[in-house]
Undergrad: 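Okay, here's the structure, questions in a sec.
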Amino acid sequence: MKHTRRLSVLLTFLLTFVPAVLSANDGPRLPEDVFPELAAVLDTALKQSPRMVMNQLNLEVAEGAEIEAKSGLYPSIGGYYNQQEARDKREDVPGRRI
């Protein structure tokens, strides 16, 4: 009987107080929450990180490869044109060009 009462008190405590405490504390506080100007510094550092720059370049290369791979699926048109013009100055007929 004693253990059942303790268990019910503990269960009541856990079901009423713990969810209230957890909902009030929406997770750990980040340094950016305490120092708002730090978010801009971290954002700039992230954009200039060599690893992030390399990943961005790899992403652009992959997008180009995707476009190139899909290009065979689209219709295409091609052709060839050549024009040639020749003029001779004839000595046997004065003033005439052909």
Undergrad: Examine Val34 and Leu42 and state if one hydrophobic cluster contains both, with Ile, Leu, Val, Met, Phe, Trp and Tyr joined whenever side-chain heavy atoms are less than 4.5 Å apart.
TA: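 Val34 and Leu42: one cluster.
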Undergrad: Flag the pair Glu37 / Val41 as yes when at least one side-chain heavy-atom distance between them is below 4.5 Å, and no otherwise.
TA: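 Not touching, per the 4.5 Å side-chain cut-off.
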Undergrad: Report yes or no: does Ser49 contribute a side-chain atom to a donor-acceptor pair with the main-chain N or O of Ala45 at less than 3.5 Å?
TA: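 Pair absent, no side-chain N/O of Ser49 close to backbone of Ala45.
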Undergrad: Taking Ser71 for the side chain and Glu68 for the main chain, is one N or O donor matched with an acceptor at less than 3.5 Å?
TA: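 Looks like yes, one N/O pair under 3.5 Å.
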Undergrad: With a 4.5 Å heavy-atom cut-off, do Gln56 and Glu60 have their side chains touching?
TA: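 When only atoms from C-beta onward are counted, Glu60 and Gln56 do touch, with a gap below 4.5 Å.
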Undergrad: Quick check: are there more than 12 heavy atoms from other residues, nucleotides or ligands sitting under 6.0 Å from CD1 of Ile77?
TA: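 No - once you tally the heavy atoms of other residues, nucleotides and ligands closer than 6.0 Å, there are 12 at most.
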